[in-house]
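Structure record follows, encoded as structure tokens.
Throughout, numbering of the chain's residues begins at 1 and tracks the sequence. In each ligand, atom 1 is the first atom listed, and ligand 1 is the first ligand listed.
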Amino acid sequence: MSDAALVGLPRQIILDEVVPARAPWDHRVHAGETLRILDLEGNQAVDFLLYAADDDAERYSAQDTIAAQRNIFLRTGSVLLSNEGRPMAQISATTVAHHDTIGGACSCESNTLRYGHHTKSQHACVENFLISNALYARGKRDIVSNINFFMNVPVEADGTLGIVDGISAPGLYVDLQMLMEVVAVISNCPQINNPCNGFNPTPVRVVIATEPFEGR
Ligand SMILES: [Zn+2]
């Protein structure tokens, strides 16, 4: 395996593809498999949701995850919990200091509120989530508070949130080892009105890997 971007992953690569700038992506990932998301060009927010494959009424819960680990940032070792309190995935490795749990997803509506009416027609993460979720018969009410991988949302001492220049860089990644069968949904964030994508949305790479079956 000569590709430096795959170092540290299980040996059998099941999927390896690039998610274009501004695009949605979804895939079913089995328990034990590792999903690596690579920030190819740096400072690219990746909005992320997880649904249990068997019953998507069970899905990633920011509240349960934050309360259980008593911390708002996701780091190596963080366990992503569902709204049923069950572990869905663990961050088995990441080369970024931490990832955001509270900044939410951009939408046409929030863009209009924050940045002016001229942004109403700009593509946004909620639209990406709707596109992917529609493949699984899910609608807007199924979009819950999401993770923002590679996004820097510092919280000041008085509780104030910021969305500031990223802490990510080209080639940095996050690995998620799945602890149940899930559908992972990504919005490669199209936002151009704040620094979460360096004002320039770029592609990311997704790799799913597993240990090869050792037959007798
Ligand atoms: Zn976004």
Quiz prompt | Protein N/O/S atoms closer than 2.8 Å to the Zn ion (ligand 1) | solution = C106 SG, C125 SG, C189 SG

Quiz item: In terms of side-chain heavy atoms, does Y51 have a donor or acceptor partner in N133 at a distance below 3.5 Å?
Solution: yes

Quiz item: Which residue pairs pass the side-chain hydrogen bond (donor to acceptor under 3.5 Å, both in side chains) test with at least one member in residues 190-201, sequence neighbours excluded?
Solution: Q44-N197, N111-Q191, Y115-N194, Q122-N193, Q191-N193

Quiz item: Is the closest side-chain heavy-atom distance between L176 and L50 below 4.5 Å?
Solution: no

Quiz item: Side chain of N148, backbone of M151: donor and acceptor closer than 3.5 Å?
Solution: no

Quiz item: Knowing that exactly one of Y173, F73, F149, F48 qualifies, which makes a ring-ring contact (aromatic ring centres under 6.0 Å, His included) with H99?
Solution: F149

Exercise. Inspect the contact between D26 and R138 and indicate whether a charged nitrogen and a carboxylate oxygen are less than 4.0 angstrom apart.
Key: no

